[in-house]
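In what follows, a single structure is set out as structure tokens and then discussed.
In what follows, chains are A, B, ... by sequence order, proteins preceding strands, each numbered from 1. Note that the coordinates shown come from a computational prediction; the quantities given were computed from them, not determined experimentally.
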There are 2 protein chains.
Amino acid sequence: MNHRPRYQQIKQFISDAIRNQQYAAGDKIPTEAELVEQFSVSRMTVNKALRDLVQEGWLIRYPGLGTFVTPPKAESPLAEVRNIAEEVRERGHQYTSQVLALNEQAASEFVAMQLGIPLHSRVFHSLIVHLENQLPIQLEERYLAASVLPHYLQQDFTQKTPNQYLSEHYALSSMEHIVEAVLPSQHAKDYLKLDAHLPCLQVSRRTWSGERLISFAVLTHPGDRYKLRSVMSLTVQPSENLALR
Amino acid sequence: MNHRPRYQQIKQFISDAIRNQQYAAGDKIPTEAELVEQFSVSRMTVNKALRDLVQEGWLIRYPGLGTFVTPPKAESPLAEVRNIAEEVRERGHQYTSQVLALNEQAASEFVAMQLGIPLHSRVFHSLIVHLENQLPIQLEERYLAASVLPHYLQQDFTQKTPNQYLSEHYALSSMEHIVEAVLPSQHAKDYLKLDAHLPCLQVSRRTWSGERLISFAVLTHPGDRYKLRSVMSLTVQPSENLALR
DNA sequence: CTCAGGTATTTGTATATATATGTATATACG
DNA sequence: CGTATATACATATATATACAAATACCTGAG
């Protein structure tokens with residue numbers, strides 16, 4: 001069944017527990033002796049796993065005391081999800097953004113379903129346009145339950161993208177994307193300065209921290225100008241307004 | 001008798017055993033020493049066979065541990081890449097397909113670059129439209145190096161999708177997708193029966209088996225009718241014709 | 001009470017051994 | 001040149017054992 005080297009499985013187990021926040025920063029994790037017991041391996045195998053995790057920056061160890069979780073750097077599994085501001089700057093271009101809306105709403109049926117919360121419960125909403133060399137490249141419409149981040153509305157999102165702000169408060173662990181090609185909505189036409197006939201890429205993204213659903217965002221890109229690169233599998237899914245029968 | 005090279009016979013024997021489920025995913029297969037015994041050959045011959053099977057994605061090896069059948073879930077996310085025919089049938093709809101083109105070509109600059117092969121080398125090309133209840137839902141244009149699957153052109157792709165055919169001959173291990181929203185090409189307009197102003201989802205997919213790049217395909221979907229669901233991260237990437245400076 | 005010293009706990013490190021794969025070289029054959 | 005063999009050495013995983021070093025805790029002397 002399990003074919004990978006034992007020490008790698010142990011590494012996985014521990015780093016998973018840290019990502020899931022079963023161990024918080026500063027927590028003491030089990031001793032080598034306890035892990036030997038738990039995994040039925042020799043101490044040197046456990047030691048190899050822990051030394052690796054120290055090397056990778058997950059843990060810090062003190063002889064006589066134990067092994068402790070180090071504060072998580074940018075080393076979240078979503079390191080692969082690049083921040084749009086960083087991407088733009090890496091291309092050597094100027095990044096700016098405009099906050100078009102930032103307010104509190106009662107959850108509509110759609111938003112409530114996406115976030116898995118009761119209808120009409122309080123949600124925060126933001127609408128931001130991201131610009132590369134003054135040219136709008138992404139329209140970001142985001143919703144999150146008010147209880148998730150009570151000070152969301154006080155943030156200045158021209159300085160820090162909502163995604164950055166979320167990452168600082170939650171160890172984001174998984175995402176789901178649904179990608180569609182659509183004609184631009186009125187919003188998109190206005191703020192991305194698009195013609196009505198230009199196709200747009202619309203990405204609906206939900207973000208989890210462990211089991212907790214944190215945020216729902218709709219990202220709209222001018223389709224002829226940007227591509228989305230994925231490292232994973234895609235499966236075809238019929239849209240709601242599909243009339244096939 | 002059989003005068004194929006010994007190492008190929010060994011490859012065949014092992015990959016057959018995997019296909020026959022004599023070894024399940026994650027199972028440990030015999031060590032080189034044991035196979036040397038069994039086939040009465042030198043270790044280097046066994047080693048050549050096993051290295052090939054690793055390259056083709058069937059096996060994964062660890063020094064000191066052994067050789068294991070590549071597991072489907074943990075390390076190959078492609079279990080989630082659904083076959084379009086199966087997806088349609090799971091929705092209780094009728095699946096059909098039409099082969100619009102099936103031929104051999106010299107690799108164009110674009111195709112050669114995508115497949116990482118020399119310019120003008122021989123490639124197979126197929127153009128297939130997939131239909132759900134008679135309605136075209138995907139246009140699949142596919143290229144692969146002729147050396148990868150010499151009998152590709154002899155297949156009946158109304159019975160078996162190219163992807164199915166590939167999976168039977170290679171343990172597909174990774175994919176890369178680039179997703180764009182575009183207006184339909186002439187091909188797409190003709191075969192998907194779309195209006196010129198309807199946005200399309202265009203998915204460029206490259207498929208690997210281990211380290212080997214197997215195939216390049218462009219899948220076009222009517223954007224208002226289908227969505228693509230992804231379970232992974234996406235990063236924005238500028239397209240070639242981006243004029244920002 | 002403080003302090004020195006012993007003890008238990010925990011990690012750090014080193015060595016040896018067994019196993020299995022990774023790689024390189026030389027040779028031979030058709 | 002590709003196939004196949006023979007040999008040799010390197011590398012990676014895992015176990016077992018031993019001892020060193022850092023820390024915390026307890027205890028008895030003063």
Qualifying salt bridge (charged side-chain N to carboxylate O under 4.0 Å, His left out) pairs with a residue from residues 32-50 of chain A, counting only residues at least two apart or across chains: Glu32(A)-Arg43(A), Glu32(A)-Arg61(A), Lys48(A)-Asp52(A)
Comparing Val41(B) and Arg6(A) on DNA chain D - which has the more 5′ nearest nucleotide: Val41(B)
Audit row: Ser126(B), Tyr152(B), side-chain hydrogen bond (donor to acceptor under 3.5 Å, both in side chains) steps and yes/no: CA-CA 9 Å; Ser126(B) 59; Tyr152(B) 186 76; 2.9 Å; yes
Backbone N/O of Arg4(B) and side chain of Gln9(B): donor-acceptor pair under 3.5 Å: yes
Heavy-atom donor-acceptor pair, Arg206(A) side chain to Gln114(A) backbone, under 3.5 Å: yes
Distance, rounded to the nearest Å, where Met44(B) contributes CE and dT21(C) contributes P: 13 Å
Distance, rounded to the nearest Å, where Lys48(B) contributes NZ and dT23(C) contributes P: 13 Å
Test salt bridge (Lys or Arg N to Asp or Glu O under 4.0 Å) applied to Lys160(B) - qualifying residues, sequence neighbours left out: Glu168(B)
Listed partners of Arg51(A) passing salt bridge (Lys or Arg N to Asp or Glu O under 4.0 Å), at least two apart: none
Can you pull every protein N or O that's under 3.5 Å from an N or O on nucleotides 9-12 of chain C?
from    : atom 1 : to       : atom 2 : distance (Å)
dT10(C) : O2     : Gly64(A) : N      : 2.9
dT11(C) : OP1    : Thr67(A) : OG1    : 3.1
dT11(C) : OP2    : Glu32(A) : N      : 3.0
dT11(C) : O5'    : Arg61(A) : NH2    : 3.3
dG12(C) : OP2    : Arg61(A) : NH1    : 2.7
dG12(C) : O6     : Arg43(A) : NH2    : 2.5

Terminal contacting nucleotides, 5' and 3', DNA chain D versus chain A (heavy atom, 4.0 Å): dT13(D) to dA24(D)
Listed partners of Gln186(B) passing side-chain contact (heavy atoms from CB on, under 4.5 Å), at least two apart: Lys189(B), Asp190(B)
Sole residue of Leu59(B), Asn20(B), Ile10(B), Leu53(B) in side chain to side chain contact (heavy atoms under 4.5 Å, CB included) with Ser15(B): Leu53(B)
